[in-house]
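We use all heavy atoms of the structure for the numbers below, so side chains are in, but hydrogens, waters and symmetry mates are not.
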Amino acid sequence: MMSVSLLLLLALVQSPGPQFEPVQTDLLKTGGTLVNAWADFDGDADLDLFVGFGGAPNRLYRNDAGILADVAPAAGVADARATRAGAWGDFDGDGDPDLVVGFVPGAGGVLRLYRNDGGRFVDASDRLGARLDSGAVRQLAWVDFDGDGDLDLFTGMRDRPNLLFRNDRGRFTNVAAEVGLADPRRTVGAVWLDYDEDGDLDVYVANMDGDANGLFRNDGGRFTDVAEAAGVAWGGRSPRDPANGTVGVCAADVNNDGHLDLFAANYGKNGLLLNTGGGQFRDASAEWGVAIDGRYDSCAFSDFDHDGRLDLYVNGTVTGGTSYPDYLFRNIGTGFEEVTPPGIKALQADHGVQWADFDGDGDEDLSLTGARPDGMHFIMRNLLPADIARRAVRVRVVDAQGRETRAGAEVRVFARGTRRVLGTRLVDAGSGYNSQSVMPVSIPLAQAQVVDIEVSFPSAGKRVTSRLSDVDPREWQSAVLTVKVIL
């Protein structure tokens, strides 16, 4: 029998479409994985990878110029507990990304806050007041929901009301019931965004087992579910069907109109909800060719081919003895066409998907996980030609002190001197499968051209904006452009 890596390489050679190649397959072939999240934990300017396993020790891959090595034992995060969630965020405001991990119930609680101290991690859960003894943890997200400058922790729960830990100078208090976010429905995923563009972060919550999804509008730090009125309660799936549900949700500007749209990876038909402005959405799932009926876990957007339009990867799941296929969709402007390479179809991937430029060549690579024991957690290097790969601008959004506390910020690139949108990205505020990364956003350009860049951060009822004019992406091909958003 041929090895998985050999099958992948053969499929790569034979594929006329998108080109990806697996890297370090001996290191990354182990299955039983769900969660993957990226951050530069050691401050060396390349992205490192945390992977949560189903009972084997978790791994933290340090990236040295595109070569990965597992340093989890030395770093202190090699927990041998089944892991369902992981999120990076600078919760102590010291300038490096910390890590929160969600486990299945067991001794030692289900939530662990690891403070990053110079590349080594210390469990600070008890001291910071964020201990959680039991419960089915799902989506974790670090966001500044109240606009006070520090990161708060949203925790979606599969079996009880959701939690929101407000950060008050390094101490955490669950205020979900107080602010209207203690939703008792069976939550699996969530993404934060300013969907109505009124200057504060709202949250779209994915619920399972026939429960409607929630869209919680933030009004001065208190939340109201407006999903039904906004047109997103069911995310494209059948209403009130107990066999249907939404697992993962993503926010992205699919049609380059400057508004953030929503995508739902569903048990049932997947859903694409286009933002029509004024806080309203319309279901464009069938029109855009993504209303595929099956079982899906997560979604991730990237312009993988650098044509100026956001493409989409959707994870199938493994359930009831069936492994549902993954899909790679190319955005053709008015819809999506499937272009999944044979090498991707050959994988037993599910649950975790992220796009990240781990090798620093300018294009985003594909990071996948697989829950099956014979699965994997491969990284598939994107093989765009070098001249096309470099045709992009990467933007890191920070606060006045240079800290990455601006999850939910929006980055837009405009044709120079105009308001014509060439690309919009959301700084990660919940992504993949129950994960959150801390990394620059990447906006490829269909043509090499000088552009204007605008970064907006919704905070306490106002949209704080920073603008840069006449940016030449060729000057930033080997570097990341850092933009400060000062409240």
Subject >> Test side-chain contact (heavy atoms from CB on, under 4.5 Å) applied to D357 and D365, step by step >> reply: CA-CA 5 Å; D357 182 12; D365 310 294; 3.8 Å; yes
**OP:** State whether a side-chain donor-acceptor pair under 3.5 Å links R59 with T30.
**Re:** yes
Original post:
Should the pair F91 and W142 be assigned to parallel (<30°), tilted (30 to 60°) or perpendicular (>60°) ring geometry?
Top reply: parallel
**OP:** Please work out which of the three classes, parallel, tilted or perpendicular, describes the rings of F154 and W192, given edges at 30° and 60°.
**Re:** perpendicular
Original post:
Quick one: does D90's side chain have a donor or acceptor within less than 3.5 Å of a partner on G95's backbone?
Top reply: yes
Subject >> D40 (side chain) donor-acceptor with A45 (main chain) under 3.5 angstrom >> reply: yes
Original post:
Angle class for the F41/W88 ring planes (parallel below 30°, perpendicular above 60°, tilted otherwise)?
Top reply: parallel
Subject >> Donor on one side chain, acceptor on other, S435 and Q354, under 3.5 Å >> reply: yes
Original post:
How are the rings of W355 and F304 set relative to one another: parallel (under 30°), tilted (30 to 60°) or perpendicular (over 60°)?
Top reply: parallel
Original post:
Looking just at side-chain N and O atoms, do R237 and T246 make a donor-acceptor pair shorter than 3.5 Å?
Top reply: yes
Original post:
Hey, is the main chain of L60 close enough, under 3.5 Å, to the side chain of D70 for a donor-acceptor pair?
Top reply: yes
Subject >> Donor-acceptor contact below 3.5 Å, side chain D350 vs main chain V318 >> reply: no
Original post:
Just by distance, with hydrogens left out, do D79 and Y114 show a side-chain donor and acceptor under 3.5 Å apart?
Top reply: yes
Subject >> By side-chain contact (heavy atoms from CB on, under 4.5 Å) - contacts of E410 (at least two apart) >> reply: D194, L260, R412, L426, R463
Original post:
If only atom types and distance count, is the side chain of D202 paired as donor or acceptor with the main-chain N or O of Y195 below 3.5 Å?
Top reply: yes
Subject >> Validation row, ring centre H377 to ring centre F53 under 6.0 Å >> reply: yes
Original post:
Does any N or O in the side chain of N63 come within less than 3.5 Å of the main-chain N or O of L47, such that one atom is a donor and the other an acceptor?
Top reply: yes
**OP:** Answer whether the closest heavy-atom distance between the side chains of V205 and N213 falls below 4.5 Å.
**Re:** no
Subject >> Distance-minimising heavy-atom pair for Y313 and N315 >> reply: CE2-ND2, 4.1 Å
Original post:
So, the side chain of R381 versus the backbone of F20: is there a donor-acceptor pair under 3.5 Å, distance only?
Top reply: no
Original post:
Is it the case that T369 and N36 place a side-chain donor and acceptor less than 3.5 Å from each other?
Top reply: no
Original post:
Taking atom types as modelled, is there a side-chain donor on T317 or D297 under 3.5 Å from an acceptor on the other?
Top reply: yes
Original post:
Hey, does the side chain of S437 reach the backbone of A39 with a donor-acceptor pair shorter than 3.5 angstrom?
Top reply: no
